[in-house]
Q: 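Pasting in a structure now, in structure tokens, and then I'll have a few things to ask.
Values reported hereafter were calculated over all heavy atoms of this structure, with side chains retained and with hydrogens, waters and symmetry mates removed.
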Amino acid sequence: MPLALFALAISAFGIGTTEFIINGLLPELARDFAVTIPAAGLLVSGYALGVAVGGPPLTMLGGRLPRKTMLLWLMVLFVVGNLLSALAPSYGVLMVGRFLAAFAHGAYFGVGSVVAADLVAPQKRASAIALMFTGLTLANVLGVPLGTWIGQSFGWRATFWVVVVIGLVGFAGVLALVPRQPRPSGGGLRSELATFRKAGVWLALAMTVFGFAPVFAVITFISPIMTGVGGFSPGAVPVVMAVFGVGLVAGNLIGGKLADRAVMPSIYGSVGLLTLLAVVVALVSSNQIAFIVAITLFGVAAFATVPPLQTRVLDAAAGAPTLASAANIGAFNLGNAIGSFAAGLTIDAGLGYTAPAWTAVVLGLAGLGAAALAGAQARRLVPA
């Protein structure tokens, strides 16, 4: 694999850290800003909506730029967003900082997926995308647990200052290692927009939204689930999140290998396993050892969905993939927002801290339904 993929992964590590870090700091943020846990959880939903809303427009605006230049400007925006978060005097300003960082997130992974796929042979595209996303998964093994510990020990603002530094390192990595790629020829923005006339693109996006929504329905509230149901101490949260992150790394690499062989079967299997494991998490949440095993396997299934879902949208949007790729990153995060918001509603309704896992089951079944429709549509197109 080219060194440029590792440069993309460095920036992905920083982006993943800032995306997931709120999950481990909900109690600290709720206490500091005098809001409820579900209200603090809206910082997760707000970030996810920022990715969904900001990614495609930024990608369109940057369509005239070489892809490397676009990636560099996105890392500048990412650093500015996290700097504002570190300095935020209020909950509202923190939300604005999260939005700015989220805008960079959506476009970065959209453009970065296309760059990664173009750096390797066609039969290795899913593995290349998976390698870039390894930075995102490693954030859960290293960045999030370390950031949670820093936030608990020195205050949550210190965590965002660390993310700012990681963002600057990512900028330097892209500048030094990613080769310049010419702006793609063809129909430009008109051609990119035309891909959204294809039913297959919309079905791929729907698979992503509902196939990934179960992940954040559970993970957004992992801290209160552990401490409120499982009897874990607050200090155990970063440790379990690190173990969960190991599952994400393994699942991402497994998903890439499987998707290189068969994309749709990989989606059926990973989303189905994710849904089943959400049931297990709900049932064993009061047993500490069983919960750790279940949440680790849940992480494996969670990111086993990512390479095939991202590859599927590139296949569906063949010929003009950049905007569709960014839209699919938005779809992942729209799923994140739906999952965390719906799970928060169940807690507010008094259904307890195991309710998010049951919410994940419902969302996973919707994802399987979308996958079935997409598979049927793809089979109808094969003879043509």
Q: Do Tyr108 and Ile10 land in one hydrophobic cluster if side-chain heavy atoms of ILVMFWY residues count as linked below 4.5 Å?
A: no

Q: Please answer: with hydrophobic residues joined when any side-chain heavy atoms are less than 4.5 Å apart, are Val165 and Leu175 in the same cluster?
A: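 Looking at the clustering, Leu175 is in a separate group from Val165.
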
Q: I'd like to know if Leu42 and Leu94 are part of one continuous hydrophobic network [Ile/Leu/Val/Met/Phe/Trp/Tyr, side-chain heavy atoms within less than 4.5 Å].
A: yes

Q: So which atom in Val218 and which in Ile225 form the shortest heavy-atom distance, rounded to 0.1 Å?
A: O-CD1, 4.0 Å

Q: If only atom types and distance count, is the side chain of Lys68 paired as donor or acceptor with the main-chain N or O of Pro179 below 3.5 Å?
A: no

Q: Between Pro356 and Ala343, what is the shortest heavy-atom contact and its length?
A: CB-CB, 3.6 Å

Q: State plainly whether one hydrophobic cluster holds both Val76 and Leu71, where clusters connect Ile, Leu, Val, Met, Phe, Trp and Tyr through side-chain heavy atoms under 4.5 angstrom apart.
A: yes

Q: Does CZ belonging to Phe244 count more than 12 external heavy atoms closer than 6.0 Å?
A: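 Yes.
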
Q: Any donor and acceptor pair, going by atom type alone, linking the side chain of Ser11 with main-chain N or O of Leu8 inside 3.5 Å?
A: no

Q: So which atom in Ser340 and which in Thr220 form the shortest heavy-atom distance, rounded to 0.1 Å?
A: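 Looking at all heavy atoms of both residues, the shortest contact is CB-OG1, 3.2 Å.
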
Q: Over all heavy atoms of both residues, which pair between Leu205 and Ala331 is shortest? Give the atoms and the distance, please.
A: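 Closest heavy-atom pair between Leu205 and Ala331: O-CB, 3.7 Å.
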
Q: Answer whether the closest heavy-atom distance between the side chains of Val163 and Phe78 falls below 4.5 Å.
A: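 Yes, close enough: below the 4.5 Å cut-off.
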
Q: Using 0.5 Å steps for rounding, measure from the CG atom of Leu100 to the OH atom of Tyr47.
A: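 One gets 11.0 Å once the value is rounded to the nearest 0.5 Å.
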
Q: Quick check against the 3.5 Å criterion: does Arg157 have a side-chain atom that pairs as donor or acceptor with the backbone of Ala88?
A: yes

Q: Measure the CD1-CD1 distance between Ile22 and Ile219 for me, rounded to the nearest 0.5 Å.
A: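 If we round to the nearest 0.5 Å, Ile22:CD1 and Ile219:CD1 are 15.0 Å apart.
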
Q: Take Val281 and Ile295 through the side-chain contact (heavy atoms from CB on, under 4.5 Å) test and state the conclusion after the steps.
A: CA-CA 7 Å; Val281 168; Ile295 204 68; 4.3 Å; yes

Q: Report the distance from atom CZ of Phe109 to atom CD1 of Ile15, rounding to the nearest 0.5 Å.
A: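 If I round to the nearest 0.5 Å, the distance is 4.5 Å.
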
Q: What orientation do Tyr91 and Phe33 show, parallel under 30°, tilted 30 to 60°, or perpendicular over 60°?
A: perpendicular

Q: Taking all atoms of both residues into account, what is the closest heavy-atom pair of Phe298 and Pro214, and its distance?
A: CZ-O, 3.6 Å

Q: Is there a side-chain contact between Phe216 and Glu19 (heavy atoms, below 4.5 Å)?
A: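 Sidechains of Glu19 and Phe216: in contact.
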
Q: Can you confirm whether Ser223 sits close enough to Pro27 that some side-chain heavy atom of one is under 4.5 Å from a side-chain heavy atom of the other?
A: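 A side-chain contact exists here, since the closest heavy-atom pair is under 4.5 Å.
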
Q: Do Leu283 and Val279 have side-chain heavy atoms sitting under 4.5 Å apart?
A: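 When only atoms from C-beta onward are counted, Val279 and Leu283 do touch, with a gap below 4.5 Å.
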
Q: Got a donor-acceptor contact below 3.5 angstrom from the Thr159 side chain to the Gly151 backbone?
A: yes

Q: Drop me the distance from Phe291's CZ to Ser285's OG, to the nearest 0.5 angstrom.
A: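 So the CZ of Phe291 and the OG of Ser285 are separated by 7.0 Å.
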
Q: Quick check: does any side chain N or O of Thr18 sit under 3.5 Å from a backbone N or O of Gly14, one acting as donor and the other as acceptor?
A: no

Q: Is any side-chain heavy atom of Val80 less than 4.5 Å from a side-chain heavy atom of Leu84?
A: no

Q: In sequence, state the C-alpha distance, the side-chain angles, and the governing distance for Val243 and Ile292, and then conclude on side-chain contact (heavy atoms from CB on, under 4.5 Å).
A: CA-CA 8 Å; Val243 176; Ile292 292 172; 4.3 Å; yes

Q: Under 4.5 Å between side-chain heavy atoms, counting indirect links through other Ile/Leu/Val/Met/Phe/Trp/Tyr residues: same cluster for Phe212 and Leu277 or not?
A: yes

Q: State, yes or no, whether a side-chain contact exists between Trp358 and Thr346 at a heavy-atom distance under 4.5 Å.
A: no

Q: Atom CG of Leu77 and atom CE of Met75: how far apart are they, to the nearest 0.5 Å?
A: 10.0 Å

Q: Quick one: pull up CH2 in Trp156 and CZ in Arg31 and give me the separation to the nearest 0.5 Å.
A: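 The CH2 atom of Trp156 sits 12.5 Å away from the CZ atom of Arg31.
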
Q: Working note: Val115 + Met132, criterion side-chain contact (heavy atoms from CB on, under 4.5 Å); need CA distance, chi angles, decisive distance, verdict.
A: CA-CA 10 Å; Val115 171; Met132 183 189 73; over 6 Å; no

Q: Begin from the C-alpha positions of Phe232 and Val237 and carry the test side-chain contact (heavy atoms from CB on, under 4.5 Å) through to its verdict.
A: CA-CA 8 Å; Phe232 288 90; Val237 174; 5.7 Å; no

Q: Less than 3.5 Å apart, which donor and acceptor atoms pair up between the side chains of residues 252-262 and the rest of the protein, not counting sequence neighbours?
A:
| residue | atom | partner | partner atom | Å |
| --- | --- | --- | --- | --- |
| Asn252 | ND2 | Ala130 | O | 2.6 |
| Asn252 | ND2 | Thr134 | OG1 | 3.2 |
| Asp260 | OD1 | Ala126 | N | 3.2 |
| Asp260 | OD2 | Ser127 | N | 3.4 |
| Asp260 | OD2 | Ser127 | OG | 2.4 |

Q: Might you point out which heavy atoms bring Ile267 and Pro308 nearest each other, and give the distance in Å?
A: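 Closest pair (atom of Ile267, atom of Pro308, distance): CG1-CB, 3.6 Å.
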
Q: Should Met264 and Met207 count as side-chain neighbours, where that means a heavy-atom distance under 4.5 Å?
A: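 Contact flag for Met264/Met207 side chains = yes.
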
Q: Would you say Phe103 has more than 12 foreign heavy atoms packed within less than 6.0 Å of its CZ?
A: yes

Q: Using modelled atom types only, decide if a donor and an acceptor are shared between the side chain of Gln288 and the backbone of Gly230 within a distance under 3.5 Å.
A: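 Between the backbone of Gly230 and the side chain of Gln288 there is a qualifying donor-acceptor contact (under 3.5 Å).
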
Q: Please examine the side chains of Phe171 and Trp73, heavy atoms only from C-beta on, and report whether any two atoms are closer than 4.5 Å.
A: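 Of all side-chain heavy-atom pairs linking Phe171 with Trp73, none is under 4.5 Å.
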
